[in-house]
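Accompanying notes for the structure given below.
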Amino acid sequence: MKKFYVGIKGVIISNKQVLLLHTNAENGRGNRWEFPGGRIDGEETIEQALDRELHEELPNIESFQMHEMLHAHRLPEDIEGNVSLMLLFFRVTAVLPSEIVLSDEHIEAHWFNYEEALEKVEDGLKSSLHMLMGEVV
């Protein structure tokens with residue numbers, strides 16, 4: 001039987017731009033741009049997981065508010081053995097300083113417009129990005 005992890009992603013959009021984080025390939029996370037967030041741990045709620053992940057990945061985030069779920073996306077390939085990953089994307093409003101501090105999971109944070117973001121995300125997330133940013137293009 002297939003098993004799934006559930007990942008929570010925060011889609012932070014400001015001034016018609018979306019915040020993407022560039023993964024740190026040196027610690028085994030590959031070389032890609034992604035939305036901030038991560039997997040639900042143990043008995044966490046969705047809200048608790050997003051809160052923990054945003055504070056881990058963006059340590060100097062001043063505040064944020066989680067809004068509606070925008071999209072769900074199952075990764076097309078298994079992440080390990082017979083285990084796959086379902087990603088839930090939530091709209092997030094956040095207050096971030098002009099200089100964003102990152103955890104060691106990422107090497108760069110950047111605000112991208114829709115067209116730029118489409119060039120940065122992996123092919124499997126392009127349709128998701130279209131749905132996520134449809135309100136701002």
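- The main-chain N or O of I100 is never found under 3.5 Å from a side-chain atom of N60 such that the two would form a donor-acceptor pair.
- With a 4.5 Å cut-off on side-chain heavy atoms, V95 and F64 do not count as touching.
- Residues M69 and I46 fail the side-chain proximity criterion, which asks for heavy atoms closer than 4.5 Å.
- In this structure, the salt bridge (charged side-chain N to carboxylate O under 4.0 Å, His left out) partners of R52, at least two apart in sequence or on a different chain, are D41, E44, E56.
- In this structure, E108 has no salt bridge (charged side-chain N to carboxylate O under 4.0 Å, His left out) partners at least two apart in sequence or on a different chain.
- Closest approach of Q65 and H67 over heavy atoms only: O-CD2, 3.4 Å.
- A donor-acceptor pair under 3.5 Å is absent between the side-chain atoms of T23 and the main chain of H106, judged by distance alone.
- Hydrophobic clustering keeps I107 apart from V101 (ILVMFWY residues linked when any side-chain heavy atoms are closer than 4.5 Å, directly or through intermediates).
- Two residues are said to be in side-chain contact when any heavy atoms from C-beta on lie closer than 4.5 Å; F35 and L20 meet this criterion.
- Considering CG of L88 and CZ of R74, their distance stands at 13.5 Å, rounded to 0.5 Å.
- Residues that satisfy the salt bridge (charged side-chain N to carboxylate O under 4.0 Å, His left out) test with E116, not counting sequence neighbours, are absent from this structure.
- At least one donor-acceptor pair closer than 3.5 Å links the side chain of S103 to the backbone N or O of E105.
- Two residues are said to be in side-chain contact when any heavy atoms from C-beta on lie closer than 4.5 Å; F90 and E68 fail this criterion.
- Contact record, A109 with L21: CB-CD2, 3.5 Å, taken as the closest heavy-atom pair.
- Partners of K2 by salt bridge (charged side-chain N to carboxylate O under 4.0 Å, His left out), not counting sequence neighbours, listed by chain and number: D78.
- The distance from atom NE2 of H110 to atom CG of L19, rounded to the nearest 0.5 Å, is 9.5 Å.
- In this structure, N15 places its CG atom where only 12 or fewer heavy-atom neighbours from other residues, nucleotides or ligands lie under 6.0 Å away.
- For W33, the ring pair (Phe, Tyr, Trp, His ring centres under 6.0 Å) partners at least two apart in sequence or on another chain are H22, F112.
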Item to check | Residues Y5, M86; criterion side-chain contact (heavy atoms from CB on, under 4.5 Å); working and verdict | outcome: CA-CA 6 Å; Y5 289 121; M86 175 66 71; over 6 Å; no

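- The shortest distance between side-chain heavy atoms of H55 and I61 falls below 4.5 Å.
- At least one side-chain heavy atom of L58 sits under 4.5 Å from a side-chain heavy atom of I12.
- Between K9 atom NZ and L54 atom CG the span is 10.0 Å, to the nearest 0.5 Å.
- Judged by distance alone, the side chain of N24 and the main-chain N or O of D104 form a donor-acceptor pair under 3.5 Å.
- Judged by distance alone, with hydrogens and angles left aside, the side-chain atoms of E57 form a donor-acceptor pair with the main-chain N or O of G37 at under 3.5 Å.
- Closest heavy-atom contact between V92 and M66: CG2-CA, 4.5 Å.
- In this view, E99 satisfies the side-chain contact (heavy atoms from CB on, under 4.5 Å) rule with no residue, not counting sequence neighbours.
- Hydrophobic clustering of Ile, Leu, Val, Met, Phe, Trp and Tyr side chains at less than 4.5 Å, counting indirect connections, unites V11 with L75.
- To the nearest 0.5 Å, atoms CG (L85) and CZ (F4) are separated by 9.5 Å.
- Proximity of W111 to V18: side-chain heavy atoms (C-beta onward) are nowhere separated by under 4.5 Å.
- Within the model, atoms CD of E53 and CD1 of I40 stand 10.0 Å from one another, a figure rounded to the nearest 0.5 Å.
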